[in-house]
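Keep in mind that the numbers below use all heavy atoms, side chains included, and drop hydrogens, waters and symmetry copies. Letters A, B, ... mirror the listed sequences (proteins, then strands); counts begin at 1.
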Amino acid sequence: MPELPEVETTARGLRERIVGKRIAEVSGIDWPRMLPNAAPELLAAVLPSLTVELVDRRGKYLILGLSDDRWLTIHRKMSGNLVFDPDGASLLAPHTHLVIHFEDSSELRFVDPRKFGRVYLFLDREELDRFLAQRLGPEPLADLTVARLRSLVEGRRGRLKSLLLDQRFLAGIGNLYADEILWDARLHPERSAGSLTRPELRRLADAIVRVLTEAIQRRGTSFSTYLDASGQPGENQSSLQVYGRAGLPCPRCARPIERRVIAQRGTWLCPHCQRLPRPAVP
DNA sequence: TAAATCCTGTCA
DNA sequence: TGACAGGATTTA
């Protein structure tokens, strides 16, 4: 569920709340599959007494940098939320699978109904970097120029929608923002990536940066379940142009938005604004 | 390139 | 009751 803007919003919220805090203990681990690279006992043994030194984001991964070069990395997948409780006094939400207790009795809780979310422990920075480098392409909000985008697209086959969803192409874009970006760029999701002209690449680069930046400014999209670190929903849902809006008028041309399945994902588009070019006749 | 898989909740 | 969900990996 959370994509780059939601993870970024959470990282910012957590940064101001937990940096400098010392971990007292961890509890509530009731779903060991959540921890693909560390046994629950290892987490419980390693984390206490460590201090949170930084909170960061890479793609859709949230990164907690701890003292002693320990790293905790969380991917929320479809339904995970990280909730900070300033005094650890509120009731545990249903589907809480991990609680990190700080020494001042505040808590960071991982709540994830669908249990797709994953928490990784890395024992040094190199291990973390190797893990991320294996899975993620560049950050879309770090100097995405047309030239850069063209070199990324070069040699990639496949359709724009699946390319945008590929985390090794660009890190952090998911189904909702892929549709918003393609609408903004006036590009059809089934357009083959290699066929983009220079002006089209320009539009795509601009759309990627604009859509993600504005979504961050609105603190993310709460389409159904996303909440930020303080339990607040985002505000971007009222700014969606196509996602989830089948039958409603396209904000650009007023013709109805369509829903289709493309790349095995629900896909919303304006078939008028986002036309496929006519195939060349040989 | 597509389908199956991991899960639970919600909505039509 | 069944379809669907903001993800990503594994398998065919």
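Closest approach of P113(A) and S79(A) over heavy atoms only: CD-O, 3.4 Å.
The ring-ring contact (aromatic ring centres under 6.0 Å, His included) test applied to H188(A) returns no partner, not counting sequence neighbours. Residues satisfying the ring-ring contact (aromatic ring centres under 6.0 Å, His included) test with Y120(A), not counting sequence neighbours, are F131(A). Here W183(A) pairs with nothing under the ring-ring contact (aromatic ring centres under 6.0 Å, His included) rule; sequence neighbours left out. Every side-chain contact (heavy atoms from CB on, under 4.5 Å) that A93(A) has, sequence neighbours left out, goes to T96(A), V111(A).
Within 4.0 Å (heavy atoms only), R259(A) reaches sugar-phosphate atoms of the nucleic acid but no base atom. Residue contacts shown for Y243(A) are limited to sugar-phosphate atoms, with no base heavy atom under 4.0 Å away.
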Extract from the structure each pairing of a protein N or O with an N or O of nucleotides 8-12 of chain C at less than 3.5 Å, listing the distance.
residue : atom : partner : partner atom : Å
dA8(C)  : OP1  : H75(A)  : NE2          : 2.7
dA8(C)  : OP2  : K60(A)  : NZ           : 2.6
dA8(C)  : OP2  : Q167(A) : NE2          : 3.4

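For residues 16-26 of chain A, every residue pair satisfying the side-chain hydrogen bond (donor to acceptor under 3.5 Å, both in side chains) rule, not counting sequence neighbours, is listed here: K21(A)-D104(A), R22(A)-E103(A). Residue pairs meeting the salt bridge (Lys or Arg N to Asp or Glu O under 4.0 Å) criterion with at least one partner in residues 172-190 of chain A, sequence neighbours excluded, are K161(A)-D179(A), D184(A)-R210(A). Residues in residues 32-49 of chain A take part in no side-chain hydrogen bond (donor to acceptor under 3.5 Å, both in side chains) pair, two or more places apart or across chains. Within the structure, no pair that satisfies the ring pair (Phe, Tyr, Trp, His ring centres under 6.0 Å) test touches residues 147-177 of chain A, not counting sequence neighbours.
Stem regions annotated for DNA chain B: B:1-6 with C:7-12, B:8-12 with C:1-5, counting only runs of 3 or more consecutive pairs of Watson-Crick or G-U type with both contacts under 3.5 Å.
Taking atom P on both dA3(B) and dA5(C), the two are 15 Å apart, rounded to the nearest angstrom. Across the P atoms, dT1(C) and dC7(B) are found 23 Å apart, a figure rounded to whole Å.
Atom-to-atom, CE of M78(A) to P of dT5(B) comes out at 17 Å; the value is rounded to the nearest Å. Whole-Å rounding puts the E3(A) CD to dA5(C) C1' distance at 12 Å.
Under 4.0 Å is where a charged nitrogen must lie from a carboxylate oxygen, and between R191(A) and E200(A) at least one such pair does.
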Handout entry: Nucleotide-resolved protein contact map, nucleotides 7-12 of chain B, B/S/- at heavy-atom distance under 4.0 Å
Key = BBS---
Can you give each donor-acceptor pair under 3.5 Å made by side-chain atoms of residues 145-157 of chain A, sequence neighbours left out, with the distance rounded to 0.1 Å?
residue : atom : partner : partner atom : Å
T145(A) : OG1  : R148(A) : N            : 3.0
S151(A) : OG   : R148(A) : O            : 2.9
R156(A) : NH2  : D166(A) : OD2          : 2.6

